[in-house]
**Student:** 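If you scroll down you'll find the structure; I have some questions about it.
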Amino acid sequence: MTHDVVSVAPDASYREVVNVLVDSGVSAAPVVDARGHVVGVVSEADLLHKVEAVGDEAHRRHFAGRRRSHALTVGAVAADLMTAPAVVIAPDASIAAAARRLESERIKRMPVVDVQRRLVGIVSRRDLLWIHTRTDADVRSEIVDHVLLRTLWIDPAAVEVDVVDGVVSLAGRLESRSLAGLVASLVSKVAGVVEVIDRLAWDQDDSRVVRAAGYPFGTPERLMRPSTN
């Protein structure tokens, strides 16, 4: 996400909002109140309703019966013009979740907010596409150093990791089927990974044990997580 976010206040005038969007080269901006809370988003599309209605009495009459569109044509400040509530997402949401949200809502960008709905950043379609510009070497380094070594405490020598154009091939032999599955799952979430080809083998098929009711250690991911006690 982008941390340096261009935003406007609810009482910002129509002209102020236009200037902010034009000067910043963005198509939309969060509307943020005095406490930093996102209360809406104002976009070029919202502003164009007023432009379309200028000097066109028939157009104004057409929108007069449609409350939302009419409000946009006569709105004077950001609070009148914005779309609310804003479509937002949490900072810890996955890249895939962010992409799905943008697609399902048919928007180009959305504010990133904390649990109090305070603005912490903004994520756009371009931000999500950027992850696929990472080099194969960077992707492999994160898989080996972060996923295998730091997260799962697996000796990197036990897993062969090859990355070509974002497609990751995993080979090697691990202690259990559940651990092999966890490796493939976590690798698929690494930024820049397009596809995972899983050729990992295992010594013990513990799938029945993991699925069994009353399994005392929880999921494989929970089992591998360092204790906080």
Side-chain angles (χ1 to χ4, degrees), residues 1-4 88-105 107-110 112-115 120-229:
M1 70 178 178
T2 300
H3 293 275
D4 186 15
V88 299
I89 198 162
D92 58 353
S94 69
I95 293 171
R100 286 194 296 268
R101 194 77 186 275
L102 288 174
E103 178 64 22
S104 65
E105 298 290 342
I107 54 178
K108 296 179 180 179
R109 61 182 66 219
M110 60 185 165
V112 181
V113 300
D114 63 16
V115 292
V120 297
I122 197 163
V123 64
S124 68
R125 291 178 179 177
R126 179 170 296 182
D127 294 329
L128 299 180
L129 290 174
W130 174 85
I131 67 170
H132 292 300
T133 66
R134 298 184 73 190
T135 67
D136 290 340
D138 287 342
V139 172
R140 185 183 185 282
S141 178
E142 182 172 344
I143 292 171
V144 172
D145 296 339
H146 182 73
V147 175
L148 298 180
L149 192 57
R150 299 181 188 177
T151 302
L152 298 177
W153 300 352
I154 294 174
D155 182 354
V159 179
E160 181 181 338
V161 180
D162 291 318
V163 185
V164 178
D165 294 333
V167 177
V168 180
S169 297
L170 301 174
R173 194 171 194 88
L174 297 174
E175 298 175 2
S176 64
R177 181 174 184 173
S178 60
L179 182 57
L182 182 56
V183 169
S185 176
L186 293 181
V187 167
S188 70
K189 295 178 174 63
V190 171
V193 172
V194 176
E195 180 185 356
V196 176
I197 300 174
D198 181 7
R199 297 192 178 98
L200 291 170
W202 56 85
D203 293 326
Q204 179 183 1
D205 186 351
D206 60 346
S207 55
R208 284 190 177 183
V209 177
V210 172
R211 291 196 302 266
Y215 182 57
F217 302 111
T219 65
E221 186 174 9
R222 175 67 186 87
L223 186 62
M224 295 300 299
R225 190 180 301 147
S227 174
T228 57
N229 295 333

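Values reported hereafter were calculated over all heavy atoms of this structure, with side chains retained and with hydrogens, waters and symmetry mates removed.
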**Student:** Under 3.5 Å, is there a donor-acceptor pair between the side chain of Thr151 and the main chain of His146?
**Tutor:** yes
**Student:** Check Val139 against Ala191 and note the closest heavy-atom contact, atom names and distance.
**Tutor:** CG2-O, 3.9 Å
**Student:** Taking atom CD as the centre, does Glu105 end up with more than 12 heavy-atom neighbours from other residues, nucleotides or ligands that are less than 6.0 angstrom away?
**Tutor:** yes
**Student:** Which value, rounded to the nearest 0.5 Å, describes the distance between Leu182 atom CG and Leu152 atom CG?
**Tutor:** 5.0 Å
**Student:** Do you know which two heavy atoms are closest between Arg101 and Val88, and how far apart they sit?
**Tutor:** NH1-O, 2.8 Å
**Student:** Calculate, to the nearest 0.5 Å, the distance between atoms CZ and CE belonging to Arg125 and Met110 respectively.
**Tutor:** 10.5 Å
**Student:** Quick one: list whatever passes side-chain hydrogen bond (donor to acceptor under 3.5 Å, both in side chains) with Arg177, sequence neighbours left out.
**Tutor:** Asp205
**Student:** Might you point out which heavy atoms bring Ala98 and Ile89 nearest each other, and give the distance in Å?
**Tutor:** CA-CD1, 3.5 Å
**Student:** May I have the list of side-chain donor-acceptor pairs in residues 162-174 shorter than 3.5 Å, sequence neighbours left out?
**Tutor:**
| from | atom 1 | to | atom 2 | distance (Å) |
| --- | --- | --- | --- | --- |
| Arg173 | NE | Asp203 | OD1 | 2.6 |
| Arg173 | NH2 | Trp202 | O | 3.1 |

**Student:** Kindly write out the residues that satisfy side-chain hydrogen bond (donor to acceptor under 3.5 Å, both in side chains) with Asp145, not counting sequence neighbours, or none if the list is empty.
**Tutor:** Ser141
**Student:** Hey, what do you get for CZ (Arg109) to CE (Met1), rounding to the nearest 0.5 Å?
**Tutor:** 14.5 Å
**Student:** Keeping the roles fixed (side chain from Ser185, backbone from Gly181), state whether a donor-acceptor pair exists under 3.5 Å.
**Tutor:** no
**Student:** How far apart are the closest heavy atoms of Asp198 and Ala184, and which atoms are they?
**Tutor:** OD2-CB, 3.7 Å
**Student:** Looking at Val161, Asp155, Val187, which hits side-chain contact (heavy atoms from CB on, under 4.5 Å) with Leu148?
**Tutor:** Val161
**Student:** Hey, is the main chain of Ser178 close enough, under 3.5 Å, to the side chain of Asp206 for a donor-acceptor pair?
**Tutor:** yes
**Student:** Please report the interatomic distance CD1(Ile122) to CG(Asp127), rounded to the nearest 0.5 Å.
**Tutor:** 8.5 Å
